[in-house]
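As the structure is a computational prediction, the values presented were derived from the model and not from experiment.
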Amino acid sequence: MTVAWLSSVSATDVDTVGGKAASLGELSSHGLPIPSGFTVTADTYRQFITGAGIAAELFEAVDVDPEDSRALATAEQRASELVMDAEWPEDTRESILAAFDDLGEDPTVAVRSSATAEDLPDASFAGQQETFLNVTREDVLDRIKRCWASLFTQRAIYYRDEQGFDHEAVDIAVVVQEMVDAEKSGVLFTSHPSTGAAEMTVEAAWGLGEAVVSGAVSPDHYTYDRDADAVDDVTVSTKKTMCVRDEETGETVERPVPEGKRDERVLSDEELSDLRTLGELVEDHYGQPQDVEWAIDDGDVYLLQSRPITTIDEDDDGTDETSDAGSDGTLVDGLGASPGTGTGAVRVVGSLDQLDKVTDGDVIVAEMTTPDMVPAMKRADALVTDEGGMTSHAAIVSRELGVPAVIGCETATGTLTDDQRVTVDGDRGVVTDGTHTPDADGEATASEAATSTNRPAPNRMTATDVKVNVSIPEAAERAAATGADGVGLLRMEHMVLSTGETPAHYVDQHGEDAFVNTLSDAIRSVADEFYPRPVRVRTLDAPSDEFRQLQGGEDEPAEHNPMLGYRGIRRSLDDTDAFDLQLRALAQLYGMGYDNLELMFPLVADAEDVLAAKAAMERAGIDPDKRPWGVMIETPASALSAAPICETDPDFVSFGTNDLTQYTLAVDRNNEAVAGRYDELHPTVLGLMTDTIETCREYDVATSICGQAASKPAMIRELVEAGISSISVNVDAVHDAQREAKRVEQRLILDSVRE
């Protein structure tokens with residue numbers, strides 16, 4: 001049987017039509033709204049590779065060590081060649097096209113992979129194989145082949161090995177289904193994805209669901225209390241892009257969302273209620289919580305896919321969310337800066353001398369954090385602050401330590417009191433009154449649970465290196481466990497600020513050797529965790545207002561805007577004593593054999609700055625021809641001086657998007673009056689970076705990005721397409737960045753094949 005119509009298959013036909021098609025057929029047979037379509041069966045795939053005589057070579061090609069990235073890349077390429085180059089049997093070709101014609105007059109379809117090992121209760125295989133939207137009759141046979149070939153992508157090979165599935169035992173069917181020209185679409189979890197509680201979670205955006213699934217847009221977020229039959233929480237995001245069908249080409253394209261709809265709520269309460277009804281029908285039918293993709297066209301809701309939720313903790317009954325299960329219980333709210341949930345007794349910290357009162361499992365509540373608070377933060381179960389944004393110290397360090405955090409609450413220190421028991425939800429950005437139920441041993445903490453959910457991401461085998469930013473050495477072990485390709489940014493200023501003294505004061509009190517050893521010990525702890533992966537160390541870049549708070553800081557200049565003042569390489573070249581000691585620390589580590597260290601200079605303006613820094617390296621005994629080094633591109637001046645800078649012979653340059661954006665757009669990112677104009681994806685900022693990448697490629701100088709914007713899927717897409725060598729993101733974003741970079745690389749390869 002070459003094809004099987006969805007209306008004729010059920011959950012018992014997984015071996016024939018794969019998990020996705022079986023689920024869709026099951027839903028269709030029970031009257032749920034599924035777009036009509038058919039499946040090219042798994043037997044057809046098996047007959048195709050057998051009849052073409054490629055089966056043995058295909059499975060031999062993918063029988064590789066999954067930890068060998070080069071072998072995986074070769075396996076994917078060879079498997080794709082074998083499948084795509086094989087000829088269609090004429091009878092198979094005619095059967096598929098005849099079924100396509102039965103869908104109606106000149107339809108457009110979605111062509112979606114449906115592997116026989118997919119959407120299983122304990123292994124979802126989500127995102128492992130390909131989907132193609134808005135496909136016409138002319139291209140349907142090609143897209144079916146590409147779905148078959150996607151059974152052997154690097155990520156699919158790796159995932160099957162990790163899950164213990166035999167490559168030869170897994171077949172693949174392909175769903176060919178009428179497209180829904182969606183006005184709005186998204187994903188819903190019929191029950192809480194962690195606890196299984198009767199709380200439906202919905203994400204929604206304008207246009208086709210590809211934008212939500214791929215991460216190209218920040219969707220609206222809704223929660224619906226199924227027990228109360230009411231909308232529980234609504235978060236409306238600014239939705240800048242949408243995926244739509246191009247009327248001229250028929251292809252799926254990204255388009256700007258009309259201004260009037262960007263901040264408009266996507267779903268009404270009535271639509272949420274309709275989704276709740278359908279979601280409950282699906283969950284009741286399968287007898288377990290489901291992850292459902294949906295679309296709405298002209299007021300009608302369609303279900304596009306359903307699979308079991310595989311992340312529910314059966315031992316978590318959700319009773320530790322709040323002390324009053326019948327009410328929201330929110331005390332304060334802000335930005336969910338670090339994921340996870342933590343519960344404990346409040347410790348309001350107004351000054352550094354109050355840190356001693358923070359014990360294991362407490363919740364720190366502070367106006368803002370400083371580097372001196374890191375030891376206490378490591379003890380805490382969660383963190384709450386009055387001030388701060390996603391790039392603040394509190395946010396960055398909390399994510400690196402795996403401590404749930406809600407920041408920017410404004411009134412937390414005034415509302416919460418010592419010994420009050422609260423629950424901090426770092427995903428939703430809320431702090432509620434709550435009680436914590438310990439495990440049987442009484443030892444598990446919520447922060448440990450949060451850390452366990454951030455399990456190490458496998459190496460995604462991207463040509464673009466995906467590295468991690470490390471703000472504090474204490475976070476090195478967790479950062480290394482992500483599987484990142486190295487450290488793209490290790491900030492030296494946090495090592496200095498944590499001493500509580502300015503460099504000059506520290507040297508006066510303890511001596512030069514002590515200062516050098518303090519730095520080298522901190523750097524060494526990170527180098528050890530990552531060896532032999534590279535660790536890129538940036539020399540001191542602390543503005544004067546941060547130094548002024550330290551012992552010895554009374555002589556720091558009073559600057560109106562320290563971010564534009566005495567910092568970065570300009571300070572280092574002026575204060576050569578402190579700069580030489582920083583370089584001595586690196587030279588000392590090189591002498592100990594740490595050849596995975598790379599040196600980076602911040603806030604250079606032009607080639608003259610770079611030559612002066614290079615001379616300082618030589619003065620400290622570091623040979624710039626033998627040790628890798630580079631500079632930060634954080635100003636328009638340095639971006640426009642890319643060619644002269646490359647002529648100084650650096651090994652790499654790295655973009656700092658926070659500074660580059662604010663200096664390019666004349667927008668202080670910490671000024672609420674103009675913060676809305678701060679946009680790292682502004683065409684002028686992107687232009688400076690892409691032009692710099694092009695120049696650096698001409699000089700064979702590697703390029704990287706280590707600013708906050710590196711975590712944004714849109715930024716990754718822009719820079720990977722431009723040819724950037726590496727991206728470096730915060731520890732919580734490594735997995736997503738690896739996935740996005742891989743997706744872009746695969747599309748670029750596909751585009752080149754099509755050409």
- Is a side-chain donor or acceptor of Ser728 paired with a backbone partner of Gly488 at a separation under 3.5 angstrom? yes

- Message: Under a 3.5 Å distance rule, please check whether Ser520 uses its side chain to pair with a backbone N or O of Ala585 as donor and acceptor.
- Response: no

- Does NZ or CZ of Arg536 lie under 6.0 Å from the centre of the six-membered ring of Phe652, at an angle within 45° of the ring axis? yes

- Item | Donor-acceptor contact present, side-chain Asp427 to main-chain Thr341, <3.5 Å | no

- Item | Heavy-atom closest contact (Pro628 atom, Tyr590 atom, distance) | O-OH, 4.2 Å

- Would you please test Asp649 and Tyr699 for side-chain hydrogen bond (donor to acceptor under 3.5 Å, both in side chains) and show each step? CA-CA 9 Å; Asp649 203 25; Tyr699 283 88; over 6 Å; no

- Please confirm whether the backbone N or O of Val403 pairs with a side-chain atom of Ser338, one donor and one acceptor, at under 3.5 Å? yes

- For residues Val729 and Ser711, report the shortest heavy-atom separation together with the two atoms involved. CB-OG, 3.6 Å

- Indicate whether any N or O donor in one side chain lies under 3.5 Å from an N or O acceptor in the other, for Glu745 and Thr464. yes

- Query: Within the side chain of Arg533, is there an N or O that forms a donor-acceptor pair under 3.5 Å with the backbone of Ala484?
  - Reply: yes

- Task: List the steps, then state whether side-chain hydrogen bond (donor to acceptor under 3.5 Å, both in side chains) holds for Tyr678 with Gln662.
- Result: CA-CA 7 Å; Tyr678 181 84; Gln662 67 175 351; over 6 Å; no

- Query: What closest approach, in Å, do Ser725 and Ala702 show between heavy atoms, and which atom pair accounts for it?
  - Reply: OG-CA, 3.5 Å

- Message: So does Val466 get a backbone contact from the side chain of Asp485, meaning a donor-acceptor N/O pair under 3.5 Å?
- Response: yes

- Could you tell me whether a side-chain N or O of Asp606 sits under 3.5 Å from a main-chain N or O of Asp609, the two making a donor and an acceptor? yes

- Closest heavy-atom contact between Pro650 and Gly630? CB-CA, 4.3 Å

- Query: Is a donor on one side and an acceptor on the other found under 3.5 Å between the side chain of Glu529 and the backbone of Glu477?
  - Reply: no

- Tested for side chain to side chain contact (heavy atoms under 4.5 Å, CB included) against Leu519, the lone hit among Met495, Gln588, Arg584 is Met495

- Item | Lys467 side-chain N/O to Ser726 backbone N/O, donor-acceptor pair under 3.5 Å | no

- Message: Using a 6.0 Å cut-off, check whether atom CD of Glu647 has over 12 heavy atoms from anything other than its own residue.
- Response: yes

- Query: Distance from Ile705 atom CD1 to Thr657 atom OG1, nearest 0.5 Å?
  - Reply: 4.5 Å

- Query: Is a side-chain N or O of Asp362 found less than 3.5 angstrom from the main chain of Val358, in a donor-acceptor match?
  - Reply: no

- Shortest non-hydrogen separation from Ala476 to Phe530 and the atoms involved: O-CE1, 3.8 Å

